[in-house]
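The analysis underlying the following values was restricted to heavy atoms, covering all of them including side chains, and did not include hydrogens, waters or symmetry mates.
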Protein chains: 2
Amino acid sequence: MESTSTELSCGSCALSRICLPAHLSARETRILAGAVERGRELQSGARLIRAGARMDALYVVRSGSAKSCGVMNDGEEYVRAFNLPGEVAGLEGFADGHHTCDLVALEPLRYCRIPLGRLERLMETLPGLRREVLRLLGQSLEEAQRMRTEVSMVDARGRLASFLVDLSRRLERRNLPPMHFRLSMSRRDIARHLGLTLETVSRSLGAFRSAGWVEVRARYIKLLQPKALAALLAH
Amino acid sequence: MESTSTELSCGSCALSRICLPAHLSARETRILAGAVERGRELQSGARLIRAGARMDALYVVRSGSAKSCGVMNDGEEYVRAFNLPGEVAGLEGFADGHHTCDLVALEPLRYCRIPLGRLERLMETLPGLRREVLRLLGQSLEEAQRMRTEVSMVDARGRLASFLVDLSRRLERRNLPPMHFRLSMSRRDIARHLGLTLETVSRSLGAFRSAGWVEVRARYIKLLQPKALAALLAH
DNA sequence: GCCGGAATTTGATCCGGATCAATCGAGGCC
DNA sequence: GGCCTCGATTGATCCGGATCAAATTCCGGC
């Protein structure tokens with residue numbers, strides 16, 4: 001069942017400046033909106049995409065958050081990305097038409113779905129949409145490559161600082177309080193995302209707290225000196 | 001100056017099964033070929049793409065090899081990828097229209113160039129080309145994400161083994177000897193690519209040699225027991 | 001072939017983060 | 001509220017790979 005309080009089309013969606021229609025004309029947005037399906041609300045832990053499944057659509061987080069994750073052949077979980085409202089997931093499926101990782105809700109989640117067939121047909125006639133999909137893929141690629149060099153060249157605290165600052169920046173773009181927020185993911189998820197152990201994440205957070213750069217109360221984080229955090233990356 | 005011995009169009013190129021035309025129809029390949037420009041031979045060390053430069057084309061390695069690399073803010077070099085014949089470079093520029101890393105020839109290099117404007121115009125009318133560009137981006141994304149989890153979850157020897165096995169596989173696809181080849185990149189480049197130091201790369205190679213899995217003579221590598229190398233990844 | 005500089009190998013030591021282990025705290029459920 | 005379980009913090013130790021430091025090999029130029 002659809003909640004009646006939510007917007008009915010991309011054009012009036014609060015996320016339109018951030019989401020797929022970001023660079024589309026009014027006309028293109030209207031046409032795209034006709035192809036978008038709205039999913040019902042999912043519970044925390046629900047699996048929206050399954051690794052190995054045929055790619056049949058793009059998924060966009062509408063509210064809540066999710067993680068893109070999978071398991072290595074030794075059974076260890078890894079977390080490729082966290083997805084906030086307005087972010088598109090499942091792009092890696094373009095490689096061979098199958099998804100390679102799961103998309104799992106971290107909290108109650110609403111989402112939109114764009115069937116692949118309709119997207120491809122729309123890309124034929126909407127040059128703006130073509131460019132936008134290429135832009136999204138390019139951004140994800142750039143992000144993944146940047147993260148890869150970060151994992152191999154930046155130490156534990158630097159990576160955690162980078163994570164917090166990046167999260168803050170993404171919240172800000174969504175008009176959510178960027179300096180005081182709740183982490184929807186566990187320390188373990190953060191660790192798996194940054195290539196660390198949960199103990200190291202916890203200790204690094206502790207170090208930031210001792211330095212007076214953050215306040216930490218369970219999953220609630222307040223950034224007191226974001227500049228100090230960002231400075232960890234410079235070196 | 002163009003060598004007279006090289007093919008003149010994508011359709012007759014030895015790389016056509018691997019390169020951009022891989023999944024295009026004969027007609028689409030012919031049309032694409034009309035948009036492709038052939039660059040002159042570059043010397044080792046030449047820079048084909050510069051970080052920060054406006055993205056004005058896609059580049060494809062025709063012969064030789066290259067590295068996609070850049071420098072972190074602390075001056076350390078990183079290597080995102082090595083590019084073999086038939087591989088497309090510069091895709092990350094789709095993110096915002098600018099390249100974020102350099103493309104540097106590792107040995108004398110020939111390349112093709114597809115101007116972005118022409119590519120976009122062709123994508124309007126050639127659905128196969130649209131799909132192919134999306135596929136390429138999806139593959140690069142998948143590869144970058146896979147590498148990222150590998151850097152954070154696999155130890156030094158496992159990563160080096162993975163690198164050698166992957167290289168072998170890519171050479172095989174190009175009908176080049178997959179078990180006995182010359183590394184066009186330095187130990188330092190390999191290290192920067194795998195998130196290691198050159199000493200660790202050298203020591204790991206030494207360990208493989210001692211185990212009788214490879215023969216190493218300077219930059220020449222012979223894989224004696226590729227299965228043993230691949231097995232390092234399983235665990 | 002010989003020479004010089006760079007790349008590579010090999011050796012010794014050190015350290016950041018993993019691992020193992022115990023305690024503490026928070027939120028859900030009755 | 002009180003219990004119970006899972007998540008998070010804190011502590012102690014260990015180890016893989018980084019770092020520092022030669023020694024050796026490779027390769028291009030003469």
Enquirer: Using 30° and 60° as the class limits, which term best fits the ring planes of A:Y111 and A:Y59: parallel, tilted or perpendicular?
Expert: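 If you compare the ring of A:Y111 with that of A:Y59, the planes turn out tilted.
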Enquirer: Taking CG from A:D155 and C1' from D:dA18, how many angstroms apart are they, rounded to a whole number?
Expert: 13 Å
Enquirer: Side chain of B:R187 only, please: which of D:dA18, C:dT8, D:dC27 is the nearest?
Expert: C:dT8
Enquirer: Starting at CE of B:M185 and ending at C1' of C:dA7, how long is that distance when rounded to a whole Å?
Expert: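 For the pair B:M185 CE and C:dA7 C1', the rounded distance is 15 Å.
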Enquirer: Are B:C10 and B:V36 packed together at the side-chain level, in the sense that at least one heavy-atom pair is separated by less than 4.5 angstrom?
Expert: yes
Enquirer: If you only use heavy atoms from C-beta on, which nucleotide in C:dT8, D:dT9, C:dC20 is closest to the side chain of A:S202?
Expert: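 Closest nucleotide to the A:S202 side chain: D:dT9.
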Enquirer: Tell me whether A:R17 at atom CZ has more than 12 heavy atoms from other residues, nucleotides or ligands lying less than 6.0 Å away.
Expert: no
Enquirer: Rounded to the Å, how far apart are A:L196 CG and C:dG16 C1'?
Expert: 11 Å
Enquirer: Does any donor-acceptor pair link the side chain of B:R203 with the base of D:dT19 at a separation under 3.5 Å?
Expert: yes
Enquirer: Within the 4.0 Å heavy-atom criterion, would you say B:L198 contacts the bases, only the backbone, or no part of the nucleic acid?
Expert: base
Enquirer: May I have the distance from B:L106 (atom CG) to C:dA7 (atom C1'), rounded to whole angstrom?
Expert: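 That distance rounds to 15 Å.
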Enquirer: Name the nucleic acid region contacted by B:S186, choosing base, sugar-phosphate or nothing; use a 4.0 angstrom heavy-atom cut-off, strictly under.
Expert: sugar-phosphate
Enquirer: With sugar-phosphate meaning primed atoms plus P, OP1 and OP2, does B:R209 contact a base, only sugar-phosphate, or nothing at under 4.0 Å between heavy atoms?
Expert: sugar-phosphate
Enquirer: Once you round it to whole Å, what is the distance between C1' of D:dG17 and CZ of B:R159?
Expert: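 It is 9 Å, rounded to the nearest whole Å.
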Enquirer: What do the steps show when you test A:E199 against A:R203 for salt bridge (charged side-chain N to carboxylate O under 4.0 Å, His left out), and what is the final call?
Expert: CA-CA 6 Å; A:E199 292 96 328; A:R203 272 187 253 269; 5.8 Å; no
Enquirer: Starting at CZ of A:R217 and ending at C1' of D:dG7, how long is that distance when rounded to a whole Å?
Expert: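 These atoms are roughly 15 Å apart.
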Enquirer: Between A:T200 and A:A218, who's closer to the 5' end of DNA chain C by nearest nucleotide?
Expert: A:T200
Enquirer: Assign A:G195 to base, sugar-phosphate, or nothing according to its heavy-atom contacts below 4.0 angstrom with the strands shown.
Expert: sugar-phosphate
Enquirer: State which of D:dC26, C:dG17, D:dC20 makes the closest approach to the side chain of B:E199.
Expert: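 For the B:E199 side chain, the nearest candidate turns out to be D:dC20.
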Enquirer: Nearest whole Å is fine: how far is D:dG28 P from B:Q43 CD?
Expert: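 To the nearest whole Å, that distance equals 14 Å.
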Enquirer: For C:dT9, does OP1 or OP2 lie under 4.0 Å from any side-chain N or O of B:R219?
Expert: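 It does not, given that no N or O in the side chain of B:R219 lies less than 4.0 Å from OP1 or OP2 of C:dT9.
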Enquirer: Return no unless some side-chain N or O of A:T197 is found under 4.0 Å from OP1 or OP2 of C:dG17.
Expert: no
Enquirer: Would the number of heavy atoms belonging to other residues, nucleotides or ligands and lying under 6.0 Å from CZ of B:R157 be above 12?
Expert: no
Enquirer: Can you check the B:L160 CG to D:dA18 P distance for me, whole Å?
Expert: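 Checked: the CG to P distance equals 12 Å.
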